[in-house]
Enquirer: 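Structure incoming, see below.
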Amino acid sequence: MQDLNPQQKEALNHTEGPLLVLAGAGSGKTRVIAHKFFHLVKTKKLHPDSLFTVTFTNKAADEMKGRISALLQKDINSCLIGTFHSQCNRILRKEIKVLDYGYDFSIYDDDDQYNLVRHILKEFKIYEALYKGITSRISFLKSSLIGPEEFLSSGDGFGFDEKLAKVYVRYQDELKRCNALDFDDLIMLTVKLFENNPGLLEKYQNMYPYILVDEFQDTNYAQYSLLKLLASAHRKICVVGDDDQSIYKFRGANVSNILNFENDFPGAKLVRLEQNYRSTQNILTVSGAVISRNSERKYKSLWTERGWGEKVYYCWFDIYGEEAKFVAKVIKELYLKGRFNYRDFAIFYRVNLQSKAIEDALREEGLPYRVFGNVSFYQRKEIKNTIAYMRLSLNHGDNVSFRRIINCPPRGIGASTLSKIEHEAKKKSVSLFDAMKVTIRADSLASLVKDKLTEFAKLIEGFSSAKYKSAAEMLKAVFEKSGYAETLDEERAKNVAELISFGEGKDIKDFIDKVSLLTTMDEIKRGDYVSLMTLHSAKGLEFPGVFIIGVEEGVLPHFKALGSTDEIDEERRLFYVGMTRAKDILWITGASKRRLYSKLQNQEPSRFLKDIPRNCCQLVEKVSHHPTIKITHIKVKVDSFRLYATGCRVKHPTWGVGVVRDCFGDGDDLKVIVNFPNIGVKRLAVKFANLQKM
DNA sequence: AAAACTCCTCTTTTT
DNA sequence: GAGGAGTTTT
């Protein structure tokens, strides 16, 4: 308790009512939640199991468990700390009967969703390439708690939405038939469960007399509704978040939940954590200037006791290859100077394909690196197929898994056989697996095909009835007996072997749940290498040295985001998240020419650079063909930087010292709006005002 | 069922 | 420009 600052203490001590903690980047957010948990257990005598604690990632949940275990000095691994999805899964596995699903429901990930939607589009003869857009619309509807019937009846019955409604209705029916839930269902159905069953809701409200929520800015409407339901009786809820770090709006996250919190929970206390423990003042000032240009944000101003530190480096190149080489060289030089290890560096970019040039350059310099966030382990085909065998064995209704593996490995069951089975399933309204067994008894198939199908049915039923001691045992049996093992090359077989080793000693159902809800167990781990990742994956991490590359119009902000202010705001937050990961050194780079997909494009510096206060930056000139890095002050594109950034202090001959609120125009027309204490806000033309920068 | 071919897409992606 | 998926060919 004594290592907490006054605001953190305030957040801790407010335990009897709703609390919103606005926690700036690097302000010790996780620490506050962990200490709060500890405080509630120690002084309020709450049982650790009665704190409903939600995070967004499994990694964050594990971290939190670790911290709390350390504080409490006992293992709390069994506690209710988890992601929204795992919390809901836990509830639904106990209660879903009420909603007329079976307890052994499968959980479908994006890939399974896509497969199912595509299947439906094919059937409806809707252009199949639309599957991605349609899936995301459906997902968005679900995360807004708009069910298929409601959407169908709300529509005007025309145009694309009508088709969408049809697909949505069908999709939801199909899931039900498969006894499967997608990620959004986990939340939506839990809300539905509570809304329709007040008794059940009351039970869970009593079970969880306190609720703690991390990364609150990332909650979607459905998740927020769930929190409101659970907290409505006792109102003991503490949410922690940072609206400036909301970068998942495109996934349904709704920042306005932060803005609504105080309305939905009248009398809620608001605490701001503004002391930053991570970055130097230069980094905070630069990132603060960029984020302050966003409208509709809760005001926050971060400060640190760390001092100004090194200036933020900015460097512009002719071509992206040169940018990459330069970054590699800088890292090497910093490393050789002995102040940093490779693990201290991260390179962030907007899109995954940007990693390639950097990888080449790092390899060239002989620097160790690791790229994070590409195809995750659990999305690999061989892994998904192996798991599909397990899923179908546990849930014969799982049609998506059935389609996945019926001819994998190839066992001579082609499209025509499958379509007969599909037809039968539809006619009898049964699962594909059951339809297959019916079809075997009918005369419509060649005996060779019948044999194959019988063999397949026996195989799956064998898996279903066997008593395996662990997930590993079952995986092993599935992998070998299905004949799938023989069809894989060494690399892929190795991946499955790894999967099997993960399943060692684990309960089968727990394992499947875990695997379904944990698509990136291939987490960001720290080793002694340079870390490469997208700005999105950078959230929640910190590095002594950060490089943000490709800070150009069209890349950051991304060209697809240029259409709306909302989206550009989100790009700005993304940039902000990237910058605030840096502890000591921050480099921002870009290039005039960049290959994106097939063509070499001309690039302009990002608009966000204009908001960067120049006095916090060090401009670096890269002289081509120069063997070592030469750092010099040069005059590059003055209009790329603002002389008077928001927040910087100026001295006026008559009014004294003031703080710059805004700055616009250029050259002789440059105007600033300055707030002078005790005097007021003045609008000044720089040319005449005789301002002195402080 | 494999090989050869064409076509398409290509932002980010906690679960 | 590359990788994936679907289609046609053998």
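Quick note on labels: first sequence line is chain A, next is B, and so on, each numbered from 1.
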Enquirer: Salt bridge or not for A:Lys325 and A:Asp360, using N-O below 4.0 Å?
Expert: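 Looking at A:Lys325 and A:Asp360, the cut-off is not met.
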
Enquirer: Judged by each residue's nearest nucleotide on DNA chain B, which is more toward the 5′ side, A:Ala129 or A:Asn407?
Expert: A:Asn407

Enquirer: Return the stems involving DNA chain B, sorted by first number, where pairs are Watson-Crick (N1-N3 with N6-O4 or O6-N4) or G-U wobble (N1-O2 and O6-N3), both under 3.5 Å, and runs are 3 or more long.
Expert: B:1-10 with C:1-10

Enquirer: Hey, can you tell me if A:Trp587 and A:Phe547 have their rings parallel, tilted or perpendicular (30° and 60° cut-offs)?
Expert: parallel

Enquirer: Just how far, in rounded Å, is P of B:dT13 from CD of A:Glu570?
Expert: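 Result: 12 Å.
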
Enquirer: From the list B:dT14, B:dT11, B:dT13, which nucleotide is the closest neighbour of the side chain of A:Glu571?
Expert: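 Looking only at heavy atoms from C-beta outward on A:Glu571, the closest nucleotide is B:dT11.
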
Enquirer: Using a heavy-atom cut-off of under 4.0 Å over every strand shown, decide if A:Asp184 touches base, sugar-phosphate, or nothing.
Expert: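 Contact class for A:Asp184: none.
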
Enquirer: In whole Å, I'd like the distance from the CG atom of A:Asn58 to the P atom of B:dT14.
Expert: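 It is 11 Å, rounded to the nearest whole Å.
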
Enquirer: Verify salt bridge (Lys or Arg N to Asp or Glu O under 4.0 Å) between A:Arg118 and A:Glu128, making sure each step is shown before the conclusion.
Expert: CA-CA 6 Å; A:Arg118 292 177 81 157; A:Glu128 213 185 315; 3.1 Å; yes

Enquirer: Taking for each residue the nucleotide of DNA chain B with the nearest heavy atom, is it A:His536 or A:Pro409 whose nucleotide lies nearer the 5' end?
Expert: A:Pro409

Enquirer: For C:dA5, does OP1 or OP2 lie under 4.0 Å from any side-chain N or O of A:Arg118?
Expert: no

Enquirer: Give the rounded distance in Å between these two atoms: CG of A:Asp110 and P of B:dT11.
Expert: 16 Å

Enquirer: Let me know the distance between CG of A:Leu541 and P of B:dT14, rounded to the nearest Å.
Expert: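 Nearest whole value for this atom pair: 12 Å.
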
Enquirer: For A:Glu215 and A:Gln217, does a side-chain donor sit closer than 3.5 Å to a side-chain acceptor?
Expert: yes

Enquirer: Let's see if you can work this out: which of B:dT13, B:dT14, B:dA1 has an atom nearest to the side-chain heavy atoms of A:Pro410?
Expert: B:dA1

Enquirer: Does OP1 or OP2 of B:dC10 have a side-chain N or O of A:Asn352 closer than 4.0 Å?
Expert: no

Enquirer: Between A:Lys599 and A:Glu128, just flag the one whose closest nucleotide in DNA chain C comes earlier from the 5' side.
Expert: A:Lys599

Enquirer: Would you indicate what A:Arg573 reaches in the nucleic acid, counting non-hydrogen atoms under 4.0 angstrom: base, sugar-phosphate, or nothing?
Expert: nothing

Enquirer: Just checking, any donor-acceptor pair under 3.5 angstrom between side chains of A:Tyr204 and A:Glu95?
Expert: yes

Enquirer: Let's see if you can work this out: which of B:dT14, B:dT11, C:dA5 has an atom nearest to the side-chain heavy atoms of A:Lys381?
Expert: C:dA5

Enquirer: Could you work out which one of B:dC10, B:dT14, B:dT12 sits closest to the side chain of A:Asp218?
Expert: B:dT14

Enquirer: In whole angstroms, how far is the P atom of B:dT11 from the NZ atom of A:Lys539?
Expert: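 Rounded to whole Å, this separation is 21 Å.
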
Enquirer: By the 4.0 Å heavy-atom rule, please label A:Tyr127 as base, sugar-phosphate, or nothing.
Expert: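 Here A:Tyr127 touches the backbone only, sparing every base.
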
Enquirer: Would you say A:Phe250 stacks on B:dT12, if stacking means ring centres under 5.5 Å apart and planes within less than 30 degrees?
Expert: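 Here A:Phe250 meets both the 5.5 Å and the 30° conditions.
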
Enquirer: For A:Glu215 and B:dT13, what is the distance between atoms CD and P respectively, to the nearest whole Å?
Expert: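 Between P of B:dT13 and CD of A:Glu215: 16 Å.
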
Enquirer: Ignoring backbone atoms, test whether A:Ser537 places a side-chain nitrogen or oxygen under 4.0 Å from the OP1 or OP2 oxygen of B:dT14.
Expert: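 Negative; the distance criterion is not met.
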
Enquirer: Without decimals, in angstroms, what is the distance between A:Tyr131 OH and B:dC10 P?
Expert: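 Roughly 8 Å, once rounded to whole Å.
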
Enquirer: Hey, does the side chain of A:Lys132 come within less than 4.0 Å of B:dT12's phosphate (OP1/OP2), counting only N and O?
Expert: no

Enquirer: After noting the C-alpha distance and the side-chain angles of A:Arg404 and A:Tyr389, does the key distance pass the side chain to side chain donor-acceptor pair (under 3.5 Å) rule?
Expert: CA-CA 9 Å; A:Arg404 215 182 160 96; A:Tyr389 271 98; over 6 Å; no

Enquirer: If we ignore angles and hydrogens, is there a donor and acceptor under 3.5 Å between the side chains of A:Ser592 and A:Gln603?
Expert: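 No, no side-chain donor-acceptor contact under 3.5 Å.
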
Enquirer: Is A:Arg380 salt-bridged to A:Asp111, cutoff N-O under 4.0 Å?
Expert: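 No salt bridge links A:Arg380 with A:Asp111.
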
Enquirer: Would you say B:dT14 has OP1 or OP2 under 4.0 Å from some side-chain N or O of A:Asn220?
Expert: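 Checking A:Asn220 against B:dT14: no side-chain N or O falls below 4.0 Å of OP1 or OP2.
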
Enquirer: Would you kindly give the CZ-to-C1' distance between A:Arg404 and C:dA5, to the nearest whole Å?
Expert: 13 Å

Enquirer: Decide salt bridge (Lys or Arg N to Asp or Glu O under 4.0 Å) for A:Lys539 and A:Asp218; before the verdict, give the C-alpha distance in whole Å, the side-chain angles of both, and the deciding distance to 0.1 Å.
Expert: CA-CA 12 Å; A:Lys539 198 170 97 176; A:Asp218 288 334; 2.3 Å; yes

Enquirer: Heavy atoms only, 4.0 Å cut-off, all strands: where does A:Lys122 land among base, sugar-phosphate and nothing?
Expert: nothing

